[in-house]
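Quick notes on the structure that follows.
Each ligand, and each atom within it, is numbered from 1 in the order the structure gives.
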Amino acid sequence: MAKIYYEKDADPSLITGKKVGIIGYGSQGHAHALNLRDSGVQVMVGLHDGSSSRAKAEAEGLVVASPAEVTKASDVIMILVPDTVQGSVYKDSIEPNLDGSKTLMFAHGFNIHFGEITPPADVDVSMIAPKAPGHRVREVFVDGQGVPSLVAIHQDASGNALANALSYGAGIGSMRAGIVETTFKEETETDLFGEQTVLCGGVTSLVTNAFEVLVEAGYQPEIAYFEVMHELKLIVDLLYEGGMKYMRYSVSETAEYGDYSRGPRVVDEHARIAMKQVLDEIQDGTFAKEWIAENHEGQPRFKAMRASAESHEIEDVGEQLRGMMTFLGKK
Ligand code: NAD
Ligand code: MG
């Protein structure tokens, strides 16, 4: 079983005694910066010239400077720009201003694990990865609680990398929930696998195929949308609250019997073999290499896939039906 750290395992004074530079002020960046500030930490935000986030950070009273200046001025540098630009931000602004007294931190292991960023050996390198989107990291903190995080240590030059990382985790509120120990390798590979096979890729492919089967069989697209997409939220909420047993307890016995007897026929041994291949491509670096090259070329295939997905009938039908549901926020 995984090692889990709780409040008593962290010394909050380690991070309040340090200057922390948050590079990027997006989903995670704003939440880390504000939570740390509210925990009494000296925070600076690093943004490139012309960043649209600058005004937001300054409106919160945060000090904003260039990523290079923030790196120079900070003891701990947390990199929270998108994973696809971390390599170039590191090379241009962070690396020239790093020295062995500093700690480099991440919220996802991709760039370290796949070698896009190789910090000097005398720098501590650690990860605190909240298991929630940034707005939840902030909301839950303001509410007096915290979201769980993962902690990992890539380099421990000082001998204090874990204690410092846990203290940072306490600063963003995660010690109120608990922090689970992992490695950069495990976090990166399982994160990619989860989003590819279930959370993003698996779910959208399952829904799109089911929608097409119903529409091709002559059913109305509106009805198909409700049955295979809209109601997914209901089911996911139940899974989230109480696991599979609770979801099955909450649906009808007819639905539960269909689940046991038909589900494994749809997502079958073939899907399992494909999942294993997807995992192999993550582990051997094939996926990372492909995605890094795609970004260097300006994302031509990625943009084409996005455009094609956006023009699918399920999106038009969905937009129309969601328009009827005035209780939904506009997205
Ligand atoms: P994001 O896309 O929300 O925000 C990135 C921010 O970086 C932007 O708002 C901007 O301030 C800055 N930025 C954008 N392009 C830049 C550029 N070219 N140069 C310099 N700065 C630039 O990113 P995010 O989702 O907060 O992700 C940050 C890190 O946190 C990633 O490593 C990600 O994997 C990790 N993470 C994200 C989530 C999540 O739910 N979003 C959860 C856990 C971990
Ligand atoms: Mg993830």
Side-chain angles (χ1 to χ4, degrees), residues 20-36 43-60 62-71 77-97 104-114 116-117 119 125-141 146-152 154 165 168-169 172-174 177 179-180 182 184-196 199-200 282 287-288 291-292 295-296 298-299 302:
V20 176
I22 304 291
I23 312 297
Y25 197 73
S27 174
Q28 290 293 323
H30 91 283
H32 290 228
L34 296 175
N35 291 6
L36 288 167
V43 177
M44 267 179 102
V45 176
L47 291 172
H48 58 294
D49 284 342
S51 165
S52 60
S53 307
R54 174 179 273 269
K56 277 184 241 163
E58 285 175 346
E60 287 285 354
L62 292 163
V63 178
V64 179
S66 72
E69 286 164 339
V70 168
T71 303
I77 300 103
M78 172 58 108
I79 305 187
L80 295 175
V81 296
D83 296 303
T84 47
V85 306
Q86 287 186 8
S88 66
V89 171
Y90 175 79
K91 201 161 168 293
D92 297 343
S93 307
I94 298 174
E95 189 173 36
N97 300 298
L104 200 57
M105 294 187 72
F106 295 84
H108 177 39
F110 188 98
N111 283 282
I112 289 288
H113 180 61
F114 291 116
E116 284 297 282
I117 294 177
V125 180
S126 63
M127 173 182 359
I128 286 288
K131 288 290 92 186
H135 71 274
R136 288 298 292 160
V137 175
R138 180 60 182 159
E139 280 168 11
V140 171
F141 178 90
V147 303
S149 282
L150 305 183
V151 64
H154 176 66
Y168 181 104
I172 63 165
S174 284
I179 299 188
V180 181
T182 184
F184 273 66
K185 173 181 160 61
E186 181 178 65
E187 186 275 337
T188 304
E189 293 178 352
T190 55
D191 187 75
L192 292 170
F193 180 79
E195 64 202 19
Q196 292 176 16
L199 307 176
C200 308
I282 291 168
F287 174 79
W291 178 226
I292 291 163
N295 279 288
H296 284 155
Q299 305 184 329
F302 174 65

Atoms of ligand 1 less than 4.0 Å from Leu80 heavy atoms?
-> 5 (C), 6 (C), 7 (O), 28 (C), 29 (C), 30 (O)

Does ligand 1 have a heavy atom under 4.0 Å from the side chain of Ile23, from its backbone, from both, or from neither?
-> neither

Sub-3.5 Å donor-acceptor pair from the side chain of Asn111 to the main-chain atoms of Asp83, do we have one?
-> yes

Give a yes or no on whether the backbone of His108 and the side-chain of Asp191 come within a donor-acceptor separation of less than 3.5 Å.
-> no

Atoms in ligand 1 with a heavy atom of Gln86 nearer than 4.0 Å | 31 (C), 32 (O)

May I ask you to decide if the ring planes of Tyr168 and His32 are parallel, tilted or perpendicular, using 30° and 60° as cut-offs?
-> tilted

Provide the closest heavy-atom pair for Phe110 versus Ala288 in the form atom of the first, atom of the second, distance.
-> CZ-CB, 3.7 Å

Determine the sole option in Val64, Val43, Ile79, Leu34 for which the side-chain contact (heavy atoms from CB on, under 4.5 Å) test with Ile22 is passed.
-> Val43

Give the contacting part of Ser53 toward ligand 1: side chain, backbone, both or neither, where contact means a heavy-atom distance below 4.0 Å.
-> side chain

Enumerated ligand 1 atoms positioned under 4.0 Å from heavy atoms of Val89 | 19 (N), 20 (C)

Would you mind listing which atoms of ligand 1 come within a distance below 4.0 Å of any non-hydrogen atom of His108?
-> 32 (O), 34 (O)

Between Pro67 and ligand 1, find which residue part has any heavy-atom pair under 4.0 Å and reply side chain, backbone, both or neither.
-> neither

How does Lys131 reach ligand 1, if at all, at less than 4.0 Å between non-hydrogen atoms: by side chain, backbone, both, or neither?
-> neither

Parallel, tilted or perpendicular, as decided by the 30° and 60° cut-offs, for the rings of His30 and Tyr25 | perpendicular

Mark the output for Pro130 as yes if a heavy-atom distance to ligand 1 is under 4.0 Å, and as no if none is.
-> yes

How does His48 reach ligand 1, if at all, at less than 4.0 Å between non-hydrogen atoms: by side chain, backbone, both, or neither?
-> side chain

The reported gap from CE in Met44 to OG in Ser66 (rounded to nearest 0.5 angstrom) is 8.0 Å

When rounded to the nearest 0.5 angstrom, what is the spacing between NE2 in His48 and CZ in Arg54?
-> 10.5 Å

Pair His113, Glu189: side-chain N/O donor-acceptor within cut-off below 3.5 Å | yes

In terms of atom number and element, which parts of ligand 1 are under 4.0 angstrom from non-hydrogen atoms of Leu47?
-> 11 (O)

May I ask which of Ser27, Ser88, Pro133 has a heavy atom nearer to atom 25 (O) of ligand 1 than the others do?
-> Ser27

Where the closest heavy atom to atom 2 (O) of ligand 1 is concerned, which of Ser51, Gly26, Pro82 has it?
-> Pro82

Are any of the side-chain heavy atoms of Ile77 and Val70 separated by less than 4.5 Å?
-> no

Proximal candidate to atom 32 (O) of ligand 1 [heavy atom criterion; set Thr84, Asp83, Asp92] | Asp83

Note: Ile79, heavy atoms under 4.0 Å from ligand 1, region reported as neither

